[in-house]
Amino acid sequence: MAEYNPKDFELKWQKKWEKDKEFEAKDSSKKPKFFILDMFPYPSGDGLHVGHPRGYVGTDVIAHYMRMKGYNVLHPMGWDAFGLPAENYAIKTGIQPSISTEKNIKRFKEQMKSIGLSYDWSREINTSDPVYYKWTQWLFLLLFKKGLAYQEELPINWCPSCKTGLANEEVVAGKCERCGTEVTKKNIKQWVLKITDYAEKLLNDLDKLDWPEKIKEMQKNWIGKSEGADIDFQVKDSDLKIKVFTTRPDTIFGATFLVLAPEHKLVGEITTPEKSSEVKKYQEATKNKMDVERQLEEKEKTGVFTGAYAVNPANRKEIPIYIADYVLPYYGYGAIMAVPAHDERDFAFAKKYKLLIEKIELDKNIEQATKWLEKMGCAKKAINYKLRDWVFSRQRYWGEPIPLVFCEKCKEKIEKEDYKKGEFSKGELLNPGWIALSEKDLPLTLPKLEKYEPTGTGESPLAQAKDWVEITCPKCGGKAVRETNTMPQWAGSCWYFIRYTDPNNQEEISDKKLMKYWLPVDFYVGGAEHAVLHLLYSRFWIKVLYDEKIINFDEPFKKLITIGLILAPDGQKMSKSRGNVINPDDIIEKYGADSLRLYEMFMGPFDQPISWDTQGILGVYRFLEKVFNLSQNISEKTDSETKRLLNKTIKKVGEDIENQKFNTAIACMMEFINSAEKISLEDFKDFLKILSPFAPHLSEELYQSDKSIFKDNWPKYDKKLIIDSKIKIIVQINGRLRDTIEVESDSSEAEVKDMILQSEKVQKWIQEKKIKKVIFIKNKLINLVV
RNA sequence: GCCGGGGUGGUGGAAUGGUUUACACGAUGGACUUAAAAUCCAUUGGGCGCAAGCCCAUGUGGGUUCGACUCCCACUCCCGGCACCA
């Protein structure tokens with residue numbers, strides 16, 4: 001007799017599906033569409049580990065299910081291929097990032113194919129491919145021209161020894177990952193996108209989304225809306241005003257000093273000469289202990305008096321102005337009115353520096369206080385967000401070049417206002433001298449370099465490519481230089497799902513009709529680590545595109561599910577350095593792709609983190625073996641109990657897939673196989689259909705048909721068959737289980753009561769006692785209260 | 001500190017007001033085998049008992065209910081996120 005050996009047929013079916021284009025989506029169809037998407041991976045040099053497929057198999061199960069339910073399914077895959085590791089690898093080996101990336105992609109793709117994932121590979125995209133990033137650049141120009149991009153001097157992590165900027169991941173405990181030198185900050189002109197313009201929409205539209213509450217909550221906190229008032233404080237003996245934001249304008253009478261962030265722009269101007277050196281020292285100290293260090297520190301407040309005073313507009317009292325690093329430069333206006341009687345932090349500061357703590361009787365609520373201050377002309381109702389604008393440039397090589405040039409001549413023209421209306425875009429006027437490339441010059445391709453080392457000035461390695469940098473201005477034909485910073489990895493992933501609808505289009509981001517048909521994404525699956533950055537940035541770009549009428553939807557992902565991380569058997573995160581990575585290739589080699597798929601789904605709830613247990617695979621392998629063995633033992637007719645169980649299983653598996661409860665769907669199929677006795681070929685085929693999304697290879701192999709199992713419809717279950725004729729009823733006395741009896745289904749209360757009163761067990765518990773109450777639930781339970 | 005999610009056998013987990021522990025792993029015993037692997041059968045929360053059976057158990061304490069893993073209150077521990085946010 002034949003034996004279950006997945007190697008005999010898994011590869012065969014993978015090739016056949018590919019040859020038959022079995023899973024390619026049709027751009028027009030009478031069927032309803034369903035766009036199901038995985039977050040695309042960064043193709044690292046390490047290949048896939050068993051954590052990756054969890055999400056991929058989950059979406060694959062749903063994709064197959066929806067196809068069999070009659071949907072036209074778009075299920076694509078691609079590569080988020082720009083990023084730092086490829087660049088670092090190039091520095092070490094001299095190998096072009098494009099070459100190492102290509103190699104990695106090949107490996108990832110082979111691995112994915114060996115799992116039998118039903119991707120439509122004809123739509124594969126790669127963010128580092130000029131055909132793709134042409135449109136990332138085009139989108140950036142759209143934002144730029146709209147005035148949503150501006151330049152600002154911002155600090156980056158800087159290693160004084162390597163003379164290079166560092167990504168946050170390269171800073172370990174405040175030190176450079178490579179050389180161990182203390183990391184400092186360096187100010188660099190950066191491109192910044194005005195995501196804050198969309199803060200309110202991004203916040204409100206969360207309500208429309210079918211996303212996990214947890215993710216919505218995280219975005220809400222990230223956006224961090226608070227309502228209050230802006231209040232101006234006049235600096236004493238000066239024209240200067242200091243603007244603060246407060247959520248408690250009603251406490252203004254208790255404001256006994258002001259505190260500015262050390263980075264506040266007015267600090268230099270207001271500081272008195274005798275305080276100047278002390279203030280400068282404090283500013284310098286703050287600069288060098290930002291971020292990591294600042295957070296690690298005890299919350300002991302420090303600060304310095306500037307020597308200046310401001311006037312409290314409510315009571316005209318003069319109050320001192322301090323600087324302190326507990327006031328953050330990027331929240332509100334980087335300045336607060338300190339109310340020590342009402343705020344713990346202000347209280348601690350006031351105590352330490354012996355400042356006035358004034359208790360106040362609140363005679364106004366927030367609303368009234370704001371109105372009163374507005375009337376006096378010193379305050380305005382205001383809303384503040386924690387959300388900050390998005391720093392969009394990177395001093396890196398391996399990313400999309402920013403398609404802008406800097407032209408001195410155009411800058412002068414704009415500054416002298418010597419230009420015609422419409423000559424410059426909004427973005428060009430906002431950033432004098434910066435000129436957008438014209439659309440026909442896109443893509444602006446990344447030049448190949450010989451050396452990828454940092455420049456030592458903090459500029460991108462691209463600055464070394466003189467031929468590339470020095471060009472003529474597309475506006476005036478004068479001398480100009482290119483922007484040498486590149487875009488962050490998020491740029492390509494902000495909009496990639498759009499490109500799947502029309503991946504080879506040279507004229508447009510995607511055909512309008514195709515976008516209208518396929519978008520938005522119906523079902524999106526990925527790691528919760530992208531809760532704020534990727535998912536928020538993407539929502540932002542989509543809202544801009546919607547406002548520009550390029551697309552007709554304003555949220556990219558209707559439904560989102562997050563996957564739980566797969567941990568190594570030791571409960572730790574899998575990583576090369578820990579040496580605990582489990583490679584799916586080994587699992588497939590030993591047990592086959594179907595077992596890998598099934599185990600990934602069976603381990604536990606889809607959205608919960610879980611440790612890998614290679615032993616556990618045996619269970620699903622044995623199950624598949626039993627399915628195979630049953631196929632070798634088909635009967636003429638299915639016995640009635642098996643028939644009933646099959647119908648129940650069809651119902652349960654369908655419902656479980658729709659709720660992403662893959663583990664219980666599999667458990668239910670196991671129960672069926674464990675107790676199936678006689679089964680006809682027709683019924684066995686129905687079972688194969690519900691198994692096929694999970695174990696496509698074995699299901700196809702056993703299906704015995706001239707067309708693919710996936711061309712067939714999902715089986716229907718017979719409602720009548722699901723009801724058992726005899727039903728076990730739970731018998732309780734005073735709510736405690738004392739017996740169970742079998743009755744005809746739908747037996748009435750009286751019938752059941754008569755039956756159980758004859759039972760010895762029940763009599764024993766009732767004895768002489770009187771039955772006070774009977775609780776009866778049809779087909780389930782009877783409870784006598786005595 | 002704040003927000004979110006959790007605590008069920010030796011292990012992963014199932015059950016969202018009605019038989020706690022489905023399904024699976026592991027373990028123990030048995031069959032087959034020269035032997036091992038594989039496979040098959042049985043047992044597998046704890047306690048008492050020869051047995052029928054009874055009692056106890058879903059982090060802790062209380063409450064609601066005929067009946068609570070499930071709902072409510074308080075506490076506790078674990079995991080994830082955010083955090084000097086004015």
Side-chain angles (χ1 to χ4, degrees), chain A residues 3 212-222 224-226 228-229 231 244-249 251 255 258-259 261 294-295 297-302 324-328 330-339 342-346 348-349 384-388 528-529 531-532 562 564-565 569 598-599 602-605 607-623 625-626 629 661 663-674 728-740 761 764 771-777 780-786:
Chain A
E3 279 177 27
E213 274 315 307
K214 181 186 167 170
I215 305 291
K216 287 201 211 177
E217 200 58 37
M218 280 165 81
Q219 291 214 349
K220 238 178 242 174
N221 293 340
W222 190 264
K225 179 179 179 173
S226 47
I231 302 176
V244 306
F245 172 75
T246 176
T247 52
R248 298 292 306 276
T251 63
L258 292 187
V259 187
R294 197 154 157 180
Q295 282 162 26
E297 244 173 275
E298 289 298 306
K299 292 185 181 177
E300 171 83 8
K301 303 273 173 294
T302 60
D325 65 7
Y326 82 90
V327 174
L328 305 170
Y330 302 111
Y331 186 74
Y333 301 102
I336 61 158
M337 63 175 208
V339 187
H342 281 265
D343 183 284
E344 250 177 71
R345 293 155 302 165
D346 298 344
F349 191 82
N384 221 302
Y385 301 92
K386 276 193 230 175
L387 184 69
R388 279 155 53 182
E529 68 272 20
V532 277
T562 53
L565 202 66
L598 220 54
Y599 182 58
F602 182 62
M603 305 174 75
D607 58 353
Q608 269 174 44
I610 202 155
S611 291
W612 183 264
D613 173 19
T614 298
Q615 279 282 9
I617 294 207
L618 277 173
V620 295
Y621 182 83
R622 287 172 188 150
F623 162 66
E625 205 168 27
K626 285 180 201 167
N629 293 341
K661 289 166 76 175
N663 53 334
T664 52
I666 293 168
C668 177
M669 289 189 280
M670 285 175 167
E671 281 182 71
F672 173 75
I673 286 295
N674 287 343
K728 235 205 263 174
I729 295 257
I730 296 154
V731 182
Q732 294 182 335
I733 314 287
N734 289 342
R736 303 202 55 150
L737 176 78
R738 295 303 178 193
D739 200 2
T740 56
K761 282 184 197 167
K764 201 176 102 195
I771 296 169
K772 274 198 270 182
K773 197 172 163 190
V774 179
I775 290 135
F776 180 75
I777 298 163
K780 204 154 208 177
L781 140 155
I782 183 157
N783 183 12
L784 305 180
V785 184
V786 297

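Below, read A as the first sequence line, B as the second, and so on, with proteins coming before strands; counting in each chain starts at 1.
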Return the value, rounded to whole Å, for the distance between atom [atom1] of [X] and atom [atom2] of [N].
X: A:Trp222; N: B:G4; atom1: CH2; atom2: P; value: 19 Å
X: A:Tyr599; N: B:C25; atom1: OH; atom2: P; value: 11 Å
X: A:Glu213; N: B:G5; atom1: CD; atom2: P; value: 8 Å
X: A:Trp612; N: B:G13; atom1: CH2; atom2: C1'; value: 16 Å
X: A:Asp343; N: B:C84; atom1: CG; atom2: C1'; value: 9 Å
X: A:Met669; N: B:A22; atom1: CE; atom2: C1'; value: 15 Å
X: A:Leu618; N: B:U39; atom1: CG; atom2: C1'; value: 13 Å
X: A:Phe245; N: B:C85; atom1: CZ; atom2: P; value: 13 Å

Searching all strands shown, indicate the nucleotide that pairs with [N] (Watson-Crick or G-U wobble; both distances under 3.5 Å).
N: B:C69; value: none
N: B:G1; value: B:C82
N: B:G29; value: B:C41
N: B:G9; value: none
N: B:C54; value: B:G47

Between [N] and [M], how far is it from one [atom1] atom to the other, in whole Å?
N: B:G26; M: B:U11; atom1: P; answer: 15 Å
N: B:G63; M: B:C69; atom1: P; answer: 15 Å
N: B:C72; M: B:A24; atom1: P; answer: 34 Å
N: B:A36; M: B:C54; atom1: C1'; answer: 45 Å
N: B:U70; M: B:U64; atom1: P; answer: 15 Å

Using a heavy-atom cut-off of under 4.0 Å over every strand shown, decide if [X] touches base, sugar-phosphate, or nothing.
X: A:Asn674; result: sugar-phosphate
X: A:Lys661; result: sugar-phosphate
X: A:Asn663; result: sugar-phosphate
X: A:Ile610; result: sugar-phosphate
X: A:Leu784; result: nothing
X: A:Arg738; result: sugar-phosphate
X: A:Lys780; result: sugar-phosphate
X: A:Phe602; result: base

Side chains of [X] and [Y] in contact at under 4.5 Å (non-hydrogen atoms):
X: A:Asn783; Y: A:Lys773; value: no
X: A:Lys386; Y: A:Tyr331; value: yes
X: A:Phe245; Y: A:Thr247; value: yes
X: A:Trp222; Y: A:Leu387; value: yes
X: A:Tyr326; Y: A:Ile336; value: yes

Item to complete: Please figure out whether A:Met218 or A:Gly616 has its closest RNA chain B nucleotide nearer the 5' end.
Response: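 Result: A:Gly616.
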Practice prompt. Name the residue closer to the 5' end of RNA chain B, choosing between A:Gly224 and A:Glu625 according to the nucleotide with the nearest heavy atom.
Written response: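 This one resolves to A:Glu625.
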Fill in: B:G9 glycosidic torsion: syn (within 90° of 0) vs anti
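That one's syn.
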Short side-chain N/O contact from [X] to OP1 or OP2 of [N], under 4.0 Å:
X: A:Arg345; N: B:C85; result: yes
X: A:Arg622; N: B:U39; result: yes
X: A:Lys214; N: B:G5; result: no

Discussion item. Given B:A86, B:A24, B:C66, identify the nucleotide with an atom nearest to the side chain of A:Asn783.
Written reply: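 Nucleotide nearest to A:Asn783's side chain: B:C66.
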Worksheet item: Hey, is the side chain of A:Gln732 pairing donor to acceptor with the base of B:G18 inside 3.5 Å?
Response: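 By the distance-only test, yes, there is a pair.
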Discussion item. If you go through the side-chain atoms of A:Lys301, does one of them form a donor-acceptor pair with the base of B:C84 closer than 3.5 Å?
Written reply: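 Side chain to base: pair present.
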Practice prompt. Could you tell me whether A:Lys301 sits above the aromatic face of A:Phe349, with NZ or CZ closer than 6.0 angstrom to the six-membered ring centre and within 45 degrees of the axis?
Written response: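 No, cation not above the ring by the 6.0 Å, 45° rule.
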Worksheet item: Checking A:Tyr599 side chain against A:Asp613 main chain: does a donor-acceptor pair fall under 3.5 Å?
Response: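 Indeed, once roles are kept as given, a pair shorter than 3.5 Å links the two residues.
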